[in-house]
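Atoms within each ligand, like the ligands themselves, are counted from 1 in listed order. Bear in mind that the values here come from a model prediction, so they are computed numbers and not experimental data. Keep in mind that the numbers below use all heavy atoms, side chains included, and drop hydrogens, waters and symmetry copies.
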Amino acid sequence: MVYFGTKLSDAKEYGSIQKMYKPNDDSGILDDAYTPSGSANLAEPAITVTHADGNKSLDLHYISHAVAKIDDNVSMLTVTLKDPAYPFEVKLYYKTFFKEDVTEQWSVITHNEKGVVTLNKFASANLNFKADGFWLKQYHGNWATEMRPEESKLTHGIKTIDSKLGTRANLYEPSTFIISMDKPATEDEGKVLLGSLEWSGNFRVDFELSPEPSNYLRLIAGINNAAAEYHLKAGEEFATPALVYTYSDHGTGDASRKLHSWARKYKIVDGEGTRLTLLNNWESTYFDFNEPKLAQLFKDTKKLGVDMFLLDDGWFGNNHPRNGDNAGLGDWQENKLKLPNGISSLVKEAQANGVKFGIWIEPEMVNPASDLYKAHPDWVIKESGRPEKYFRNQLVLDLTNPKVQDFVFGVVDNLFTKNPQLAYLKWDCNAVIYNAYSPYLKKDQSHLYTDYVRGLYKVLDRVRAKYPKVPLMLCSGGGGRVDYGALKYFTEYWPSDNTDPLERVFIQWEYSYFFPAIASSNHVTDWGKQPIKFKIDVAMMGKMGFDIVVGKLNEQELAYCHEALKNYDALKDIIWHGDQYRLQSPWGNDVASLMYVDAAKSKAVVFNYLVNNRYNAGTKAPIRFKGLDPQKKYSVKEINLYPGTGSVLEGKLVYKGDFLMNVGINPEVNSYHTSVVLQLDAVN
Ligand code: DGJ
């Protein structure tokens with residue numbers, strides 16, 4: 001694997017690449033496709049093992065490869081590697097999606113030794129790059145501060161991004177990353193790789209810049225091996241999760257559009273389908289609701305004009321009622337005081353009001369104050385010899401245990417069996433794993449982090465086998481678990497509990513490098529000081545929802561909601577399924593702009609938001625559009641006009657695509673017009 005870059009036009013010439021590089025590498029295997037340890041490789045390995053006889057040396061030689069055509073667009077390359085001294089084998093898998101230009105790469109490890117082999121490190125992928133310098137864009141954050149970017153030039157040595165949190169693995173940093181080669185890439189220029197591990201647990205991505213030669217970068221990504229060595233019996237297979245990546249030499253915009261197309265077509269559930277707009281009650285009621293209040297909320301849902309009402313946390317628990325975040329998790333029976341007639345009557349009542357009904361669950365968790373905890377202490381991850389340590393007053397259930405998997409599946413299955421008309425689930429996950437000990441795993445404690453996620457996926461496999469299409473929202477106390485391992489089962493994700501629309505412009509902007517708009521649940525709430533227009537305009541660049549008290553909206557605000565929802569209905573197909581172009585970054589500019597264009601380049605929508613409140617901030621120059629047909633003429637009109645206000649654009653504007661892309665339009669964003677939405681339609 002010596003070349004990773006622009007596709008060559010003559011495939012035969014790939015064979016000549018190797019001899020062009022003269023690395024000062026005595027080991028001879030520094031740029032191998034999957035570096036072992038304990039033999040010639042002394043750099044960061046992709047795999048480290050302890051053989052059944054205690055020997056720690058591994059050498060992997062190429063044996064064969066095969067390419068299988070899955071369909072016209074997808075092929076699978078398998079490379080088999082073997083250790084000449086031990087019956088130990090690694091298969092590297094490269095699933096390539098040609099049109100989208102995306103690869104998923106993983107490895108499968110097996111052996112036939114006499115006894116158990118310990119896998120000390122077991123990466124999914126080991127990539128090698130050559131360039132005149134590398135820049136890494138990575139992310140960090142916490143609750144309400146998800147996806148804060150940082151870009152830095154990689155220096156010699158190893159840079160690692162990782163998580164050891166267990167469940168809510170992305171809380172402090174996700175596995176998503178961007179590597180620029182030769183120089184930092186921009187939206188439209190530069191060589192760039194976007195990657196993300198398809199795994200909802202502990203991960204580790206190492207970027208090793210070799211001391212000699214200094215223009216070699218080795219990327220090793222996989223499950224985090226910290227406290228996670230895995231014991232593998234003879235004949236057993238250990239399959240690692242996939243690293244998904246795409247390369248572009250036209251900057252991050254092109255690369256992210258490739259990922260979006262791939263995700264919509266091949267990964268996210270119903271990624272090319274439709275989504276429900278909704279009214280959620282989390283912030284309007286928190287735990288304090290009952291049937292009469294909900295009856296009013298159903299009416300509000302209809303009045304607002306959205307598709308569904310989503311009942312959030314607080315509907316369950318009787319001996320330990322869920323009236324706060326300190327009790328009830330695990331007891332998934334309707335609270336009789338709040339909901340004497342149960343969920344089924346809520347579903348019916350919602351339907352009688354002409355809206356669908358969805359519900360929140362957090363089935364992986366348990367509060368010590370619950371019947372479940374008392375009945376099954378052995379189902380809980382905790383160290384028996386230490387004081388319990390809680391995160392949000394709760395503990396994590398031991399999903400390595402098949403009985404716990406049955407229980408968690410049962411939570412979902414019961415809801416749908418009893419309420420076949422239930423339209424939606426929001427699946428939350430609010431705690432990390434402290435005091436990691438599984439009563440089920442006994443001596444194999446180091447399997448916990450890996451088998452937990454596998455257990456979760458087993459449950460989700462069962463959910464999807466029985467309920468293939470039902471919309472599920474992936475939530476984790478905000479955006480603590482947004483990854484393609486989980487999104488394979490979900491229709492959408494919750495980016496952050498921070499719904500201040502100013503913050504959201506930044507948060508959604510950054511997520512948009514990796515995840516398509518159709519999957520981003522954006523709710524209009526009371527967070528932030530901006531007017532409802534700004535809030536709705538920000539929520540529109542994704543899957544729109546609301547979490548407000550509808551009764552508090554004045555007439556104009558409600559009228560604006562209706563107008564915006566009507567426009568959203570007309571434009572959502574472009575936002576959800578079209579190509580996204582980031583036009584002007586919120587970082588370092590007064591105004592953030594981005595747009596979505598349909599496949600035929602005949603319709604587009606451009607969102608512009610003021611992100612700086614300083615004196616005279618606004619658009620001083622036109623915003624240049626992207627992705628249009630230079631030869632087509634487009635009418636440009638401002639939509640989402642607040643009642644009583646006129647358009648910032650004078651007259652009827654019709655311009656050719658090349659004007660719009662080379663000169664652009666000034667959307668006149670300033671402190672009087674803090675958000676401006678433009679609709680473009682091709683005209684003859
Ligand atoms: C955390 C989620 O991010 C919120 O949206 C909400 O569902 C609460 N949990 C409920 O406890």
Among all protein heavy atoms, pick out the one at the shortest distance from [atom]; state its residue, atom name and that distance to 0.1 Å.
{"atom": "atom 9 (N) of ligand 1", "result": "Asp428 OD2, 2.7 Å"}
{"atom": "atom 5 (O) of ligand 1", "result": "Lys426 NZ, 2.8 Å"}
{"atom": "atom 3 (O) of ligand 1", "result": "Asp497 OD1, 2.5 Å"}

Show which atoms of ligand 1 fall inside a sub-4.0 Å distance from at least one heavy-atom site of [X].
{"X": "Arg392", "answer": "9 (N), 10 (C), 11 (O)"}
{"X": "Gly478", "answer": "3 (O)"}
{"X": "Trp494", "answer": "3 (O), 5 (O)"}
{"X": "Cys475", "answer": "2 (C), 3 (O)"}
{"X": "Asp312", "answer": "6 (C), 7 (O), 10 (C)"}
{"X": "Asp313", "answer": "10 (C), 11 (O)"}
{"X": "Gly477", "answer": "1 (C), 3 (O)"}

Among Asp331, Asp313, Asn335, side chain to side chain donor-acceptor pair (under 3.5 Å) partner for Arg322: Asp313
Closest non-hydrogen atom pair, Ile518 against Gly271: CD1-O, 3.5 Å
Flag side-chain contact, heavy atom, 4.5 Å: Asn554 against Tyr560: no
Pair Glu492 + Arg275: basic N to acidic O under 4.0 Å: yes
Aromatic ring pairing Phe309/Phe298, orientation class (parallel under 30°, perpendicular over 60°, tilted between):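 If you compare the ring of Phe309 with that of Phe298, the planes turn out perpendicular.
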Ligand 1 contact on Asp325 by region, counting heavy-atom pairs under 4.0 Å: neither
Verdict with reasoning, Asp451 to Arg454, per salt bridge (charged side-chain N to carboxylate O under 4.0 Å, His left out): CA-CA 5 Å; Asp451 285 354; Arg454 288 176 169 175; 3.6 Å; yes
Ring-face cation of Lys466 near Phe409 (centre distance under 6.0 Å, axis angle within 45°):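 No.
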Name of the residue among Trp282, Trp332, Phe289 meeting ring-ring contact (aromatic ring centres under 6.0 Å, His included) with Trp315: Trp332
